[in-house]
Amino acid sequence: MDPSRPSSEETVTLNQARKLIQCMAHEQSFLFLSPPGVGKSEMVYQAASEAGLPCRSLLGTQIAPEDVSGIPRIIGERSVFCPPRLLLPEKPEPFCLFLDELPACAPDVQKAFYSLLLERRLGEHALPAGTWVVAAGNRMQDRALVRSMSSALVNRVTILHLRVDADEWQAWAARNGIRADIRHFISHMPDALMRPVPNEPVPFSTPRAWALLSRALDMAENSGILTRETRRALAFGRISAEDAAVFCALAEEQIGALHPIEDYIARPHLLPQTDAARWFVLNCIRQHVRDGKLAHLKPRSVNRFLRSLSPEQQLNVLTDLVAQWGALGADRAMFDLLKKVTAL
């Protein structure tokens, strides 16, 4: 059974997921699903840390059924199962049990988790009261060696799909020392924070990939070996090629800090003069129009901005967004462009 149904799924952000865990994971088991690199594991560890619970994890791809249910020993004329110390330590205090990569578990391991997920029990042994049971993993469509989960397992957990929230990531990035050039890039191009999993095994942009790229650039810079070539090698080896190309081009052109998007529309002369930087800003404006973030602008400013662009640039920002630009009052500029391209 595939629990991921993109057509009907509802999603939560990492912060929302963390609060749900802290609210009810002591009674109900969760399974969080997302593409790789979103930050599921760190979110679970942070939730446990904030609650004062130690977090113990089991990696689904590296355990056997006996690592969960324990091994038998003979007592008198009967056998009893001895649970692993990791799950039932001598000191019965609550903890957070994190089952990482649960959807990648072998079927026998999945079955071993049944009583743990629903009854918080290993054989005749109950987990300490207040213990959390939280699982995470990737979806079938992520091509991450995920197995089909049994309906019995799915029915024992609350399945929540995670989404990446750019504002949440920016707050996290500022707290965790992510480079300013990466944070600025993502602030103007939030779609680049999380790209769809590609069909081929090539690098793709995720929050984890950007964080690791930031660290790599810092280390190269501190060692005095950060050049145009090393920056490009590191970027293209970590994030999506289209994001790496634009990110590196902007760094090489040294355009400095970007203005808020509204400033470029109000004062088009602020647009960068170089091709790569101008393309980047225009693409950012497209994303803002698409996402309805510029509804507060006056039609006069919108029309003046569009008319300041070349016909080619106007077509670039208008393509597939005619309705959205029309809602901003850009009818006059679009009509003028239509007359130009049709020579009427």
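Since we're looking at a predicted model, the values are computed, not measured.
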Could you tell me whether a side-chain N or O of [X] sits under 3.5 Å from a main-chain N or O of [Y], the two making a donor and an acceptor?
X: His184; Y: Arg179; result: no
X: Thr230; Y: Ile225; result: yes
X: Gln170; Y: Arg183; result: yes
X: Ser205; Y: Met194; result: no
X: Asp100; Y: Leu59; result: no
X: Gln313; Y: Ser310; result: yes
X: Ser240; Y: Asp243; result: no
X: Ser301; Y: Leu297; result: no
X: Trp210; Y: Ile178; result: no
X: Gln314; Y: Leu309; result: yes

Considering only NZ, NE, NH1 and NH2 on the basic side and carboxylate oxygens on the acidic side, decide whether [X] and [Y] come within less than 4.0 Å.
X: Glu50; Y: Arg18; answer: yes
X: Glu42; Y: Arg208; answer: no
X: Arg290; Y: Asp191; answer: yes
X: Arg215; Y: Asp218; answer: no

How far apart are the closest heavy atoms of [X] and [Y], and which atoms are they?
X: Glu168; Y: Leu14; result: OE1-N, 3.5 Å
X: Leu162; Y: Thr11; result: C-CB, 4.5 Å
X: Leu328; Y: Leu294; result: CD2-O, 3.3 Å
X: Ala277; Y: Leu250; result: CA-CD2, 3.6 Å
X: Ser34; Y: Lys40; result: OG-NZ, 3.0 Å
X: Pro35; Y: Asp142; result: CA-OD2, 3.3 Å

TODO: Measure up the Trp169 and Trp172 rings against each other and bin them: parallel (under 30°), tilted (30 to 60°), perpendicular (over 60°).
DONE: tilted
Task: Aromatic ring pairing Phe247/Phe185, orientation class (parallel under 30°, perpendicular over 60°, tilted between) - done: perpendicular
Supply the atom-to-atom distance [X] [atom1] to [Y] [atom2], rounded to the nearest 0.5 angstrom.
X: Lys19; Y: Met24; atom1: NZ; atom2: CE; result: 13.0 Å
X: Leu306; Y: Leu337; atom1: CG; atom2: CG; result: 8.5 Å
X: Ile159; Y: Leu102; atom1: CD1; atom2: CG; result: 9.0 Å
X: Asn316; Y: Arg278; atom1: CG; atom2: CZ; result: 11.5 Å
X: Leu20; Y: Leu160; atom1: CG; atom2: CG; result: 6.0 Å
X: His188; Y: His288; atom1: NE2; atom2: NE2; result: 7.0 Å

Is [X] linked to [Y] within one hydrophobic cluster, defined over Ile, Leu, Val, Met, Phe, Trp and Tyr using a side-chain heavy-atom separation of less than 4.5 Å?
X: Phe335; Y: Val317; result: no
X: Ile265; Y: Leu282; result: yes
X: Ile186; Y: Leu212; result: no
X: Phe236; Y: Val197; result: no
X: Leu213; Y: Met219; result: no

So do the side chains of [X] and [Y] get within less than 4.5 Å of each other, counting heavy atoms only?
X: Thr131; Y: Cys96; answer: no
X: Arg163; Y: Val38; answer: no
X: Asp165; Y: Asn15; answer: no
X: Arg238; Y: Pro203; answer: no
X: Leu31; Y: Val134; answer: no
X: Val154; Y: Ser151; answer: no
X: Asp331; Y: Trp325; answer: no
X: Gln62; Y: Glu101; answer: no

Open item on the list: How about OH on Tyr45, more than 12 heavy atoms from neighbouring residues, nucleotides or ligands closer than 6.0 Å, or not?
Closed with: yes
Task: Neighbour count >12 (heavy atoms, 6.0 Å) for atom CG, Asn222 - done: yes
TODO: Could you walk me through whether Ser29 and Leu118 pass side-chain contact (heavy atoms from CB on, under 4.5 Å), step by step?
DONE: CA-CA 7 Å; Ser29 300; Leu118 186 62; over 6 Å; no
Task: Leu99 vs Leu97, side-chain contact (heavy atoms from CB on, under 4.5 Å): CA-CA, chis, key distance, verdict - done: CA-CA 6 Å; Leu99 309 176; Leu97 176 58; 3.8 Å; yes
Task: Worked verdict on Tyr264 versus Cys284 for side-chain contact (heavy atoms from CB on, under 4.5 Å) - done: CA-CA 11 Å; Tyr264 292 112; Cys284 294; over 6 Å; no
TODO: Find out whether the Lys NZ or Arg CZ of Arg56 is both under 6.0 angstrom from the six-membered ring centre of Phe95 and within 45° of the ring's axis.
DONE: yes
TODO: Apply the test salt bridge (Lys or Arg N to Asp or Glu O under 4.0 Å) to residues Arg232 and Glu252: give CA-CA distance (whole Å), side-chain angles for both, the deciding distance (0.1 Å), then the verdict.
DONE: CA-CA 10 Å; Arg232 284 185 167 266; Glu252 291 157 12; 2.7 Å; yes
TODO: Take Thr319 and Arg286 through the side-chain contact (heavy atoms from CB on, under 4.5 Å) test and state the conclusion after the steps.
DONE: CA-CA 9 Å; Thr319 299; Arg286 273 183 54 84; 4.3 Å; yes
